[in-house]
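The structure appears right after this line, and notes come after that.
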Amino acid sequence: NAARSAVSTSIWGPWTELGNPCRGEDADTTFHSQSTYVLPINNGKGGEERFMFAADRWNEKNLSDSRYMWLPIEFGAAEDEGNGGEEGPIIHWQDEWDVSKAWN
């Protein structure tokens with residue numbers, strides 16, 4: 001299934017749907033995974049906080065071989081990404097990435 005994202009100023013709503021934050025090939029299946037958690041990360045130097053998307057990939061034939069997927073979340077002008085002009089999260093597939101370079 002495709003991921004979904006929404007924003008609100010209150011936990012009680014109202015909520016505004018932002019759509020699927022995933023972009024690129026296999027975005028419609030959340031890159032063959034299901035979202036688990038969004039982890040805040042910082043550089044330990046008081047810099048701007050970043051966020052990492054955590055998801056899991058179940059291997060139904062061998063559960064002990066199920067895997068986790070970690071991808072950086074970008075925020076900004078989602079209008080460039082086809083999100084109707086709303087600001088919001090954007091997640092691109094990356095075969096690998098370096099969390100220490102998130103602030104570069």
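Only heavy atoms go into these numbers, but all of them, side chains included; no hydrogens, no water, no symmetry mates. Just so we're clear, the structure is a prediction, and the values are computed from it rather than from any experiment.
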query: What distance do Met52 atom CE and Leu39 atom CG have between them, rounded to the nearest 0.5 Å?
result: 4.5 Å
query: Mind checking whether Pro72 and Gln94 have side chains closer than 4.5 Å, heavy atoms only?
result: yes
query: Would you call Ser66 and Asn59 a side-chain contact if the rule is heavy atoms closer than 4.5 Å?
result: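 Heavy-atom side-chain distance check passes, below 4.5 Å.
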task: Following the transitive rule for hydrophobic clusters with a side-chain heavy-atom cut-off under 4.5 Å over Ile, Leu, Val, Met, Phe, Trp and Tyr, establish whether Trp58 and Met69 coincide in one cluster.
output: no
message: Give me each pair satisfying ring pair (Phe, Tyr, Trp, His ring centres under 6.0 Å) with a member in residues 27-56, each pair once, sequence neighbours excluded.
response: Phe31-Trp93, Phe51-Phe75
Shortest non-hydrogen contact from Pro21 toward Ala3: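 Closest approach of Pro21 to Ala3: CD-CB, 3.8 Å.
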- prompt: Where is the tightest heavy-atom contact between Thr30 and Ala2, given as atom of each residue plus distance?
  reply: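 The answer is OG1-C, 3.5 Å.
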Could you tell me whether the side chain of [X] and the main chain of [Y] form a donor-acceptor pair under 3.5 Å?
X	Y	answer
Ser33	Arg57	no
Thr29	Asn1	no
Ser5	Asn20	no

query: Would you say Trp15 has more than 12 foreign heavy atoms packed within less than 6.0 Å of its CH2?
result: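 It does: Trp15 CH2 has more than 12 such atoms within range.
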Pairing residues for [X] by the side chain to side chain donor-acceptor pair (under 3.5 Å) criterion, not counting sequence neighbours:
X	answer
Ser64	Asn62
Arg4	Glu17
Thr36	Asp56

query: By the rule that ILVMFWY residues connect when side-chain heavy atoms come within less than 4.5 angstrom, directly or transitively, which residues belong alongside Ile11?
result: Trp12
field: Stepwise side chain to side chain contact (heavy atoms under 4.5 Å, CB included) test for His92 and Trp97
entry: CA-CA 11 Å; His92 293 276; Trp97 62 284; over 6 Å; no
message: Applying salt bridge (Lys or Arg N to Asp or Glu O under 4.0 Å) as the test, list every pair that has at least one member in residues 59-71; sequence neighbours left out.
response: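 Listed once each, the pairs are Asp65-Arg67.
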message: Taking salt bridge (Lys or Arg N to Asp or Glu O under 4.0 Å) as the cut-off, I'd like each qualifying pair that reaches into residues 26-40, sequence neighbours left out, listed once.
response: none
field: Which residues share a side-chain contact (heavy atoms from CB on, under 4.5 Å) with Thr9, sequence neighbours left out
entry: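 Here no residue qualifies.
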